[in-house]
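Presented below is the structure to which this report refers.
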Amino acid sequence: MKAFAYVNPTNEKEAVAALSPQLEQAMPIGGGQDLLARMKDYVTQPDRLVNVKGALESTVTPSRGGLRIGAAMKMVDLAEHVEVARMYPAISAAAIEVGTPQIRNQATVGGNLNQRPRCWYFRNEEFVCFKKGGNTCFSITGENQFHAILGGGPSFIVHPSSLAVPMLAYGATFRLAGPKGERQVPAADYFTLPSKNVRTENVLAPDELLTHVILPPPDDVKSGHYEVRYKASHDWPIAFATVLLSMSGSTVKNARVVMGAVAPVPWRSRPAEEALTGKPITEDTAAAAADAALQDARPLKQNAYKVQVAKVAVKRAILRAAGIEVG
Ligand SMILES: Cc1cc2nc3c(=O)[nH]c(=O)nc-3n(C[C@H](O)[C@H](O)[C@H](O)COP(=O)(O)OP(=O)(O)OC[C@H]3O[C@@H](n4cnc5c(N)ncnc54)[C@H](O)[C@@H]3O)c2cc1C
């Protein structure tokens, strides 16, 4: 690993001042579960690490009928937080599935949302892909069984954060702090497609920090979260979905359908939402919405199977949101 300086700021202002406008020169570190692995693999080689755990908040506080979550909060604390589970059950459901207990004990909310893709070409120093300043995506002609089936191009990574999906579904806003002060960005605008910016996955500048996640009041929504995994633990999902339903009697008034691990960003499906609106939730309406969610899928050579897996995730998340237990 390349030698680096380590800065231990005690507040947000000091932490921001220790960053740099140059990409990957000075980088925030939370639990280090992603960043340290990339540094050991010579994929990311910063000169300076800025520890945010003593500088940013790590608590959950009430905020205008919703909740405000400090970015330094550990994933284990988020997963076990009683108010988060009561108000935003899909966030708890996603948090508890992340990695392993050891990973959740170290990882932070800010680090989870900003972790870099797991693409094996990106993670291998030998492959200088688009994301590392190169001019190709090796997955297109290479091993692409876990890559994007929606929204891909020119890079076909899938977004790695489990937390990002329910955050988008619940309409979270991210508070960012930088040298010019703070700004608030809706989660829906935070994550960006490679067609907009192929080097990064979001709008965070190199000298900015994600400091808080602000969740609006959940109102009267029912939620369902469903992940399909190759193995039960210690792995990322192959596809997953968070679904929120507002009901009017027995029919859906409004739906929010967001998928994970299928696209370079958490992928909101308006066709699926429209397919549910005005309908009662049954096996058939859930299956029709799942078909709508994947109608624009464009699989690569080895990942057509993910279309069906994602449909299962969407259908089961819908049924779960409606209180219909699934296998
Ligand atoms: C075997 C295994 C299985 C896993 N399974 C899953 C899974 O199912 N779902 C899932 O979501 N994750 C999974 N992970 C990934 C793991 O959850 C993340 O690596 C972890 O959440 C990152 O958090 P961290 O605090 O350790 O981040 P760090 O490694 O400290 O940072 C990650 C990135 O975010 C940046 N960063 C950190 N904090 C901030 C901040 N406040 N503002 C701006 N940028 C910041 C860093 O500079 C770095 O680039 C898995 C990991 C492993 C090893």
Side-chain angles (χ1 to χ4, degrees), residues 4 6-7 9 12 15-16 18-20 23-41 43-58 69-79 91 93-118 122-123 131 146 158-167 174-178 182 185 190-191 199-213 225 227-240 242 260-261 266:
F4 57 89
Y6 187 77
V7 187
E12 180 183 303
V16 168
L19 295 173
S20 157
L23 193 65
E24 297 196 341
Q25 186 187 31
M27 297 185 69
I29 182 163
Q33 297 300 294
D34 168 40
L35 182 54
L36 293 177
R38 277 189 280 131
M39 289 169 67
K40 286 178 189 168
D41 288 342
V43 171
T44 306
Q45 300 189 62
D47 297 325
R48 188 163 65 246
L49 292 188
V50 181
N51 175 22
V52 297
K53 290 193 296 298
L56 301 182
E57 283 180 21
S58 58
I69 301 169
M73 182 169 219
K74 286 189 178 175
M75 291 297 289
V76 61
D77 296 330
L78 181 72
I91 292 179
I96 198 68
E97 294 285 347
V98 164
T100 62
Q102 291 87 344
I103 290 166
R104 295 193 292 276
N105 271 329
Q106 292 295 324
T108 61
V109 169
N112 185 276
L113 292 167
N114 289 290
Q115 63 177 298
R116 301 300 311 277
R118 301 307 299 189
F122 170 68
R123 297 258 160 185
K131 293 220 157 273
F146 299 120
V158 293
H159 201 278
S161 169
S162 296
L163 218 44
V165 169
M167 292 298 184
F174 296 159
R175 178 184 179 273
L176 314 182
E182 67 171 88
V185 182
Y190 185 74
F191 301 102
R199 287 300 294 272
T200 64
E201 292 78 52
N202 54 53
V203 298
L204 189 80
D207 54 1
E208 282 183 312
L209 289 172
L210 193 163
T211 68
H212 296 87
V213 173
H225 183 84
E227 303 191 353
V228 182
R229 287 166 181 273
Y230 194 60
K231 47 188 178 176
S233 163
H234 209 259
D235 208 352
W236 279 260
I238 294 170
F240 65 105
T242 296

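First listed ligand is number 1; within each ligand, the first listed atom is number 1. These figures come from a predicted structure and were not determined experimentally.
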In the protein, which heavy atom is nearest to [atom], and how far is it?
{"atom": "atom 24 (P) of ligand 1", "result": "Gly31 N, 3.5 Å"}
{"atom": "atom 37 (C) of ligand 1", "result": "Gly111 CA, 3.6 Å"}
{"atom": "atom 28 (P) of ligand 1", "result": "Gly32 N, 3.5 Å"}

Below a 4.0 angstrom heavy-atom separation, can you tell me which part of [X], side chain or backbone, both or neither, approaches ligand 1?
{"X": "Ile103", "result": "side chain"}
{"X": "Leu36", "result": "neither"}
{"X": "Arg38", "result": "side chain"}
{"X": "Arg229", "result": "side chain"}
{"X": "Leu204", "result": "side chain"}

- Message: Met75 versus ligand 1: do any nitrogen or oxygen atoms come within less than 3.5 Å of each other?
- Response: no
- Going by distance only, is there an N or O of Gln106 that falls short of 3.5 Å from an N or O of ligand 1? no
- Query: In terms of atom number and element, which parts of ligand 1 are under 4.0 angstrom from non-hydrogen atoms of Ser161?
  - Reply: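 Counting from 1, the qualifying ligand atoms are 11 (O).
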- Relative to the heavy atoms of Ile29, which atoms of ligand 1 are at a distance of less than 4.0 Å? 30 (O)
- Run down the list Phe240, Trp236, Phe174 and name the one with the heavy atom closest to atom 4 (C) of ligand 1. Trp236
- Note on the structure: Restricting to heavy atoms, the pick from His234, Met39, Glu227 nearest atom 1 (C) of ligand 1 would be His234
- Tell me, do Met75 and Leu163 make a side-chain contact under 4.5 Å, heavy atoms counted? yes
- Item | Option among Arg116, Arg48, Lys131, Arg199 that satisfies the salt bridge (charged side-chain N to carboxylate O under 4.0 Å, His left out) test with Glu24 | Arg116
